There are 2 protein chains.
Amino acid sequence: MLKLSKKVEYGLIAIRHIASLNNQISTVKEISDKYNIPNEVLAKVMQKLTRGKLIMSHQGAMGGYTLARSANDISVMDVIGVVEGTQVGIAQCFSEAPENCSIYLNCTIKNPLGKIQHNLEHVFASMKVSEIV
Amino acid sequence: MLKLSKKVEYGLIAIRHIASLNNQISTVKEISDKYNIPNEVLAKVMQKLTRGKLIMSHQGAMGGYTLARSANDISVMDVIGVVEGTQVGIAQCFSEAPENCSIYLNCTIKNPLGKIQHNLEHVFASMKVSEIV
DNA sequence: ATGAAATAGGACTTCAATAGTCGTATTTGA
DNA sequence: TCAAATACGACTATTGAAGTCCTATTTCAT
Ligand code: SF4
Ligand code: SF4
């Protein structure tokens, strides 16, 4: 509960890696070997990060990935959003249709949880990749 | 990911309910009916909250639950800790033995995530039940 | 041209956590 | 003594996380 997924962690490690090499092109193999991350899992994370325009892919031999933006313009929040494909929602009613929660109408805590949600977003959004290089 | 469990939500709703009635004794049935929460699930949550000394149980007929502390001395963090039985850990290495993470030694993000963890704890700890009554 | 190195991406399995259900025992006030 | 309440273990079902496997496509270097 309240744990980041491994995919998000792998994405952060990879992006930090590229940033730490001054945006030199890096391959999945290089990163998965260095950090001991399952190759295929990382590969798919990188593909999502590419589709999310946080990194750029370079196909073919000698290919790999570089950042698509400067490291201080990529936040942990960005990575979570892109990798998970959904916004952070501390409760069901924040990440899906409110009607999906069967007690939505009776719920007395959604407003306070909304405040917590807002604060959490701020925490994740204010941590930039440039700080962790 | 990063979602509170229903159990925690139920616990918060129940504690807020009791607090809103000025610590009048309340039963599981009363609360589960009012908020449309599955009876048995709430019952077990209340038992955990009792063992965690956030509320007090009164057994037998005419029994029920009251708060064990004042509402401004119970935080969302307290409820999470008691209901989940474990501390909030945004990453595996914060909530279990670091060796359990196979990439712990190579991990380059545990320190920055530790900072995020610290900030999250503050967010959860600073929201007291008294604020949501 | 051809082959190796790389990304792209779908299909699948495994495992653990979440959410809920059921049954029974115990306590206690009226 | 009964009814109303808490206590608590065992079970099922569903979902999501994590990882594996396989094949296609792109592109550089020879
Ligand atoms: S409505 Fe209340 S219970 Fe339902 S998801 Fe939102 S916060 Fe949780
Ligand atoms: S060590 Fe790094 S990867 Fe492993 S759990 Fe901690 S943060 Fe996540």
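All of these numbers come straight from a predicted model, not from anything done at the bench. The sequence lines fix the lettering, A, B, ..., with proteins before strands; numbering per chain opens at 1.
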Heavy atoms from C-beta onward define the side chain here; which of [options] lies closest to that of [X]?
X       : options               : value
A/Ser5  : D/dC8, D/dA18, D/dA5  : D/dA18
B/Arg51 : D/dC8, D/dA17, D/dC28 : D/dC8
B/Lys44 : D/dA17, D/dG9, D/dC21 : D/dG9
B/Thr50 : D/dG19, D/dA17, D/dA7 : D/dA7

Length of the line joining [X]:[atom1] and [N]:[atom2], which is rounded to integer Å:
X        : N      : atom1 : atom2 : value
A/Leu42  : D/dG19 : CG    : P     : 11 Å
A/Leu2   : D/dA17 : CG    : P     : 13 Å
B/Ile25  : D/dT6  : CD1   : C1'   : 11 Å
B/Ile31  : D/dA5  : CD1   : P     : 12 Å
B/Asn100 : D/dA18 : CG    : P     : 14 Å
B/His58  : D/dT6  : NE2   : P     : 10 Å
B/Gln92  : D/dA18 : CD    : P     : 9 Å
B/Asn39  : D/dT6  : CG    : C1'   : 11 Å

#### Entry: Side chains of A/Tyr35 and A/His17, donor plus acceptor under 3.5 Å
yes

### Query
How is A/Met1 classified with respect to the nucleic acid when contacts are heavy atoms under 4.0 Å: base, sugar-phosphate, or nothing?
sugar-phosphate

### Message
It should be established whether B/Thr27 places a side-chain nitrogen or oxygen under 4.0 Å from OP1 or OP2 of nucleotide D/dT6.
### Response
no

Checking the side chain of [X] only, and the main-chain atoms of [Y] only, is there a donor and an acceptor separated by less than 3.5 Å?
X        : Y        : value
B/Glu96  : B/Cys93  : no
A/Asn23  : A/Leu67  : yes
B/Glu131 : B/Lys128 : yes
A/Lys3   : B/Met1   : no

### Query
Start at the 5' end of DNA chain D and walk down; is the nucleotide closest to B/Gln59 or to A/Lys6 reached first?
B/Gln59

### Task
Map A/Glu96 and A/Met62 onto DNA chain D by nearest heavy atom, then report which one ends up closer to the 5' terminus.
A/Glu96

### Task
For A/Ala61 and for A/Met46, locate the closest nucleotide of DNA chain C by heavy-atom distance; then report the residue assigned to the nucleotide nearer the 5' terminus.
A/Ala61

### Query
Got more than 12 heavy atoms from elsewhere within 6.0 Å of CG, B/Asn100?
yes

### Summary
Under a 4.0 Å heavy-atom criterion, DNA chain C is touched by chain B from C/dA19 to C/dG29

### Task
For A/Lys6 and A/Glu9, run salt bridge (Lys or Arg N to Asp or Glu O under 4.0 Å): C-alpha distance rounded to whole Å, both residues' side-chain angles, the deciding distance at 0.1 Å, then the answer.
CA-CA 5 Å; A/Lys6 287 292 181 190; A/Glu9 294 190 324; 3.6 Å; yes

